[in-house]
Structures are given as C-alpha cells and as structure tokens.
*Asks:* 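One structure follows; several queries about it will come next.
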There are 2 protein chains.
Amino acid sequence: MPKGNYDICPPECCDMRGMLSFLILWLLSKKPMYGQELAKEIGKRRGTKPNPGTIYPALKELKKRGLIRSKKEGRATNYYITEKGRKGIQTACEYFCKAFGEIFRERMHISARKAEQIH
Amino acid sequence: MPKGNYDICPPECCDMRGMLSFLILWLLSKKPMYGQELAKEIGKRRGTKPNPGTIYPALKELKKRGLIRSKKEGRATNYYITEKGRKGIQTACEYFCKAFGEIFRERMHISARKAEQIH
DNA sequence: CGTTAATTATTGGGTATCCAATACATTTAA
DNA sequence: TTAAATGTATTGGATACCCAATAATTAACG
C-alpha cells in the first residue's frame with residue numbers, strides 16, 4: 001500500500017491533522033471495525049493513514065473512557081461504539097457542523113458562483 | 001470576558017481543538033486582523049478562545065513561512081495574508097471540504113429528514 | 001494625570017496526535 | 001510446511017496546539 005495512493009492530498013500550508021478521536025467515533029457510529037480498517041477509512045478521507053502508534057493508543061483511550069468497547073475475533077480486534085459513545089458523537093457532530101459550517105457554506109457558495117459563470 | 005459566553009460549547013467526548021493555523025489563514029483571507037481580534041473570532045466559532053500563548057506563536061510561525069505578514073499600528077499588530085497564504089488557504093479549504101464533507105452532508109441529510117417528519 | 005483596559009509577546013509545562021520502529025500473533029498464500 | 005501478509009500493540013521521540021502566568025506597551029476612561 002503506497003502512501004500516496006489516495007484521491008486526496010493534504011495541503012502544504014498548514015497541518016490539517018487532528019481530531020482523531022472524533023473521526024474514530026464517527027466511523028464506528030456507522031459500523032464496527034478493527035484497528036487497521038479504521039486507519040484505512042481515515043486514510044481514504046484524509047489522504048493520510050494514521051500509524052499504529054497513533055491509532056491504537058487512541059482506541060485504548062476511547063475504551064478507557066467508555067465510549068467504545070472491543071472484542072478480539074481471530075487476529076482482529078473489532079471495536080464497537082457504546083451508547084455513551086453514540087450520544088457523544090452526536091453532540092460532537094452537531095458541534096463540528098456549527099464550528100466549521102461556515103467554511104463549507106462558503107465553499108458551496110463559490111461552487112454555485114462558478115456554475116453560474118459558465119452559463 | 002467570561003469564558004463561557006458563547007453560543008456554542010465544545011463536546012466532552014473528544015478533543016475538537018486543532019487546525020489553528022488553518023483557521024487563522026481562513027479568517028485572515030477575509031480581512032486583516034490583530035492578534036486578539038483573531039482569537040475572538042475563533043472563539044465565536046469554536047466556543048473557546050485561544051490563549052495568547054497559543055495564538056502568537058502560531059502567528060509567528062505563519063509569518064516565518066511567508067503565509068502572512070504583520071504591521072504594528074499603535075498598540076495593535078495587524079496581520080495580513082500574503083499571496084502565498086491566499087493560495088495555500090484556497091487549497092486547504094478545498095482539502096477540508098473533501099476530507100470532512102461527508103460529516104456535513106450526513107448532518108444536512110438528517111436535518112432534512114427531520115423536517116420531512118414534521119409534515 | 002492616574003488608573004484601568006486592551007494588546008503584544010514570551011515562557012514553561014501539558015496534551016492529543018503523530019511518525020517510525022519493533023515484536024508478537026494470526027491468517028493467508030505458495 | 002514455510003513464507004508472506006495482515007493485524008495488534010507498545011515505545012520513544014517529535015510536533016502542533018493548548019493553558020496559565022508574566023511583563024511591557026499603548027489606548028481609553030474618569
């Protein structure tokens with residue numbers, strides 16, 4: 001798996017990483033996953049896949065706080081979101097959309113503007 | 001200025017801070033601002049205002065990388081985005097909307113769903 | 001004019017996230 | 001059966017961001 005094999009590439013000007021726990025909870029709210037599956041899904045969206053040294057301590061912490069639970073199944077350890085985690089991520093998504101919503105709406109506005117100009 | 005005097009409050013389940021440089025460049029791409037003005041604007045959106053120990057080193061670094069420039073005007077130091085910064089933030093906003101867009105669209109879908117149910 | 005408020009900037013210590021390396025376990029492929 | 005692939009988990013060092021405290025400067029207020 002080459003590092004750069006994504007449709008998306010992070011910008012050079014500023015660090016766009018972070019909010020790892022948020023992304024993990026959000027993905028797990030969709031379906032249970034094992035560690036590397038999560039890392040791969042994050043990589044698909046962010047263009048950079050978190051290393052084991054990043055993902056596993058984060059999962060460990062989320063488990064410690066009761067937001068997820070895990071179950072070893074063969075060589076994989078599958079992670080499941082708890083009810084507490086589900087409530088938490090709902091609130092977090094609302095917050096995210098409020099805090100960063102303007103960037104999105106601005107972008108959609110620009111896109112709509114460009115579409116107009118083509119007419 | 002009380003800390004909690006915002007319309008928005010960060011969630012408890014996970015850390016939603018970060019991407020400070022991105023936010024700074026984005027705000028400066030709208031209009032020049034001085035340090036505490038930037039901090040205030042970030043606070044309005046994120047519900048937490050970055051401390052001087054956070055904002056000024058970040059501004060210093062952005063300046064060092066040629067993405068912004070500054071000019072002391074009285075007690076204020078106003079910060080301006082450079083052309084390099086403007087190009088950078090454009091790319092970064094595109095990236096941001098791609099990387100996190102799904103969270104938004106999901107949220108808007110849920111909102112639309114709820115509106116339907118009311119009918 | 002003196003006092004208060006606002007702004008700047010730094011320092012020291014902390015934290016979440018990050019990478020790279022390493023070792024071990026399990027599954028899959030040859 | 002062996003080798004390769006995949007997944008787990010930890011450790012050590014690094015980085016961006018973070019807070020709180022501090023000191024200096026400038027502006028605003030009474």
Side-chain angles (χ1 to χ4, degrees), chain A residues 1-4 10-27 32-43 45-65 67-79 92 99, chain B residues 1-4 10-27 32-43 45-65 67-79 92 99:
Chain A
M1 295 303 125
K3 268 237 150 128
E12 278 181 23
C13 68
C14 41
D15 196 342
M16 304 287 284
R17 300 175 299 180
M19 290 200 278
L20 182 63
S21 295
F22 171 67
L23 287 175
I24 290 173
L25 284 175
W26 178 65
L27 285 171
M33 295 185 209
Y34 58 86
Q36 289 312 296
E37 196 180 355
L38 274 166
K40 202 186 307 176
E41 285 298 313
I42 292 172
R45 289 163 172 81
R46 268 195 355 194
T48 56
K49 175 180 153 177
N51 282 278
T54 306
I55 202 100
Y56 291 111
L59 284 166
K60 187 174 177 178
E61 178 66 29
L62 286 171
K63 205 166 127 191
K64 187 171 143 201
R65 289 154 70 187
L67 297 165
I68 63 173
R69 63 182 174 88
S70 63
K71 187 177 176 191
K72 195 161 168 65
E73 285 149 8
R75 76 182 171 192
T77 299
N78 282 310
Y79 295 90
Chain B
M1 293 304 125
K3 268 238 149 127
E12 278 180 24
C13 68
C14 42
D15 197 339
M16 305 288 287
R17 298 178 298 181
M19 290 199 278
L20 182 63
S21 295
F22 171 68
L23 287 176
I24 289 172
L25 285 175
W26 178 65
L27 286 170
M33 293 186 214
Y34 58 87
Q36 289 311 296
E37 194 180 356
L38 273 166
K40 201 187 303 177
E41 285 299 312
I42 292 173
R45 290 164 171 79
R46 269 194 356 192
T48 58
K49 176 181 152 180
N51 282 276
T54 306
I55 201 101
Y56 290 110
L59 285 166
K60 187 173 177 178
E61 178 66 28
L62 287 171
K63 202 166 131 193
K64 186 169 146 203
R65 292 155 67 188
L67 298 165
I68 65 172
R69 63 182 174 86
S70 64
K71 187 177 176 190
K72 193 162 170 65
E73 285 148 8
R75 77 182 170 191
T77 300
N78 282 308
Y79 294 90

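In what follows, chains carry the letters A, B, and so on, assigned in the order in which the sequence lines appear, proteins first and then strands, with residues in each chain numbered from 1.
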*Asks:* Rounded to the nearest angstrom, tell me the gap between atom CG in L59(B) and atom P in dC17(D).
*Replies:* 11 Å

*Asks:* Within the structure shown, what part of the strands sits under 4.0 Å from P50(B) by heavy-atom distance: base, sugar-phosphate, or nothing?
*Replies:* sugar-phosphate

*Asks:* Of all the choices, dC19(C), dT17(C), dC18(D), which nucleotide is nearest to the side chain of N51(A) once you look at every atom?
*Replies:*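 Side chain of N51(A) sits closest to dC19(C).
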
*Asks:* Check every strand shown and say whether K72(A) touches a base, only sugar-phosphate, or nothing at a heavy-atom separation below 4.0 Å.
*Replies:* nothing

*Asks:* Are more than 12 heavy atoms from other residues, nucleotides or ligands located less than 6.0 Å from atom NZ of K64(A)?
*Replies:*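 Not buried by this count: 12 neighbours or fewer within 6.0 Å.
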
*Asks:* Of P57(A) and E37(B), whose nearest nucleotide on DNA chain C comes first from the 5' end?
*Replies:*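 The answer here is E37(B).
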
*Asks:* Report which part of the nucleic acid T77(B) touches: base, sugar-phosphate, or nothing (heavy-atom distance under 4.0 Å, all strands).
*Replies:* sugar-phosphate

*Asks:* Return the 5'-most residue of the pair S21(B), P52(B) with respect to DNA chain D, ranking by each residue's nearest nucleotide.
*Replies:*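 Going by which nucleotide is closer to the 5' end, it is S21(B).
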
*Asks:* Using rotation axes that map the C1' atoms of four end pairs onto the next four (five pairs an end), what angle separates the end axes of the helix from dC1(C)-dG30(D) to dA30(C)-dT1(D), to 10°?
*Replies:* 30°

*Asks:* NA contact type, G18(A), heavy-atom cut-off 4.0 Å: base, sugar-phosphate, or nothing?
*Replies:*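 Touches sugar-phosphate only.
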
*Asks:* If I take atom OH in residue Y56(B) and atom C1' in nucleotide dT22(D), what distance separates them, rounded to the nearest angstrom?
*Replies:* 14 Å

*Asks:* Within a 6.0 Å radius of atom CD on E12(B), are there more than 12 heavy atoms belonging to other residues, nucleotides or ligands?
*Replies:*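 Not buried by this count: 12 neighbours or fewer within 6.0 Å.
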
*Asks:* May I have the distance from K63(A) (atom NZ) to dT8(D) (atom P), rounded to whole angstrom?
*Replies:* 12 Å

*Asks:* I need the L62(B) CG to L20(B) CG distance, nearest 0.5 Å.
*Replies:* 8.0 Å

*Asks:* Using whole Å, report how far CG of L38(B) lies from C1' of dC18(D).
*Replies:* 17 Å

*Asks:* Can you check side-chain contact (heavy atoms from CB on, under 4.5 Å) on M33(B) and K40(B), steps first, answer last?
*Replies:* CA-CA 10 Å; M33(B) 293 186 214; K40(B) 201 187 303 177; over 6 Å; no

*Asks:* Give one of base, sugar-phosphate or nothing for Y79(A), where a contact means two heavy atoms less than 4.0 Å apart.
*Replies:* sugar-phosphate

*Asks:* Quick one: pull up CG in L59(B) and CD1 in I68(B) and give me the separation to the nearest 0.5 Å.
*Replies:*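 Between atom CG of L59(B) and atom CD1 of I68(B) there are 4.5 Å.
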
*Asks:* Run the side-chain contact (heavy atoms from CB on, under 4.5 Å) check on R45(A) and L23(A) step by step: do they pass?
*Replies:* CA-CA 10 Å; R45(A) 289 163 172 81; L23(A) 287 175; 5.8 Å; no

*Asks:* Just by distance, do the side chain of R65(A) and the backbone of E61(A) share a donor-acceptor pair under 3.5 Å?
*Replies:* no

*Asks:* Tabulate atom names and distances for all N/O pairs under 3.5 angstrom spanning the protein and nucleotides 28-30 of chain C.
*Replies:*
none

*Asks:* Quick one: R17(B) CZ to dC19(D) C1', roughly how many Å, whole number?
*Replies:*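 Nearest whole value for this atom pair: 8 Å.
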
*Asks:* Heavy atoms only, 4.0 Å cut-off, all strands: where does R65(A) land among base, sugar-phosphate and nothing?
*Replies:* nothing

*Asks:* Return yes if some donor-acceptor pair links the side-chain N/O of N51(A) with the main-chain N/O of G53(A) below 3.5 Å, else return no.
*Replies:* no

*Asks:* Who are the side chain to side chain donor-acceptor pair (under 3.5 Å) partners of Y34(A), not counting sequence neighbours?
*Replies:*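 None.
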
*Asks:* Counting heavy atoms from C-beta on, name the nucleotide in dC19(D), dC19(C), dT10(C) closest to the side chain of K60(B).
*Replies:* dT10(C)

*Asks:* Of G35(A) and C14(A), whose closest DNA chain D nucleotide lies nearer the 5' terminus?
*Replies:* G35(A)

*Asks:* For Y34(A), answer base if it contacts any base atom (sugar-phosphate contacts may also be present), sugar-phosphate if it contacts only those atoms, and nothing otherwise; contact means non-hydrogen atoms under 4.0 Å.
*Replies:*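 If one applies the 4.0 Å heavy-atom cut-off, Y34(A) turns out to touch the sugar-phosphate alone, with no base involved.
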
*Asks:* Mind calculating the distance between CG (D15(A)) and C1' (dA14(D)) to the nearest angstrom?
*Replies:*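 After rounding, the gap between these two atoms is 12 Å.
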
*Asks:* Please check the phosphate of dC19(C) (OP1 and OP2 only) for any side-chain N or O of T54(A) closer than 4.0 Å.
*Replies:* yes

*Asks:* Over how many whole Å does the gap from I42(A) atom CD1 to dT17(C) atom P extend?
*Replies:* 10 Å

*Asks:* For the residue pair S70(B) and K63(B), what are the closest heavy atoms and their distance?
*Replies:* OG-NZ, 2.9 Å

*Asks:* Check the distance between dT17(C)'s P and L23(A)'s CG and give it to me in whole angstrom.
*Replies:*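 Computing the L23(A):CG to dT17(C):P distance gives 9 Å.
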
*Asks:* Return the 5'-most residue of the pair A76(A), Q36(B) with respect to DNA chain C, ranking by each residue's nearest nucleotide.
*Replies:*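 The 5'-side residue here is Q36(B).
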
*Asks:* Using 0.5 Å steps for rounding, measure from the CG atom of L67(B) to the OH atom of Y79(B).
*Replies:*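 Rounded to the nearest 0.5 Å, the CG-OH separation comes to 14.0 Å.
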
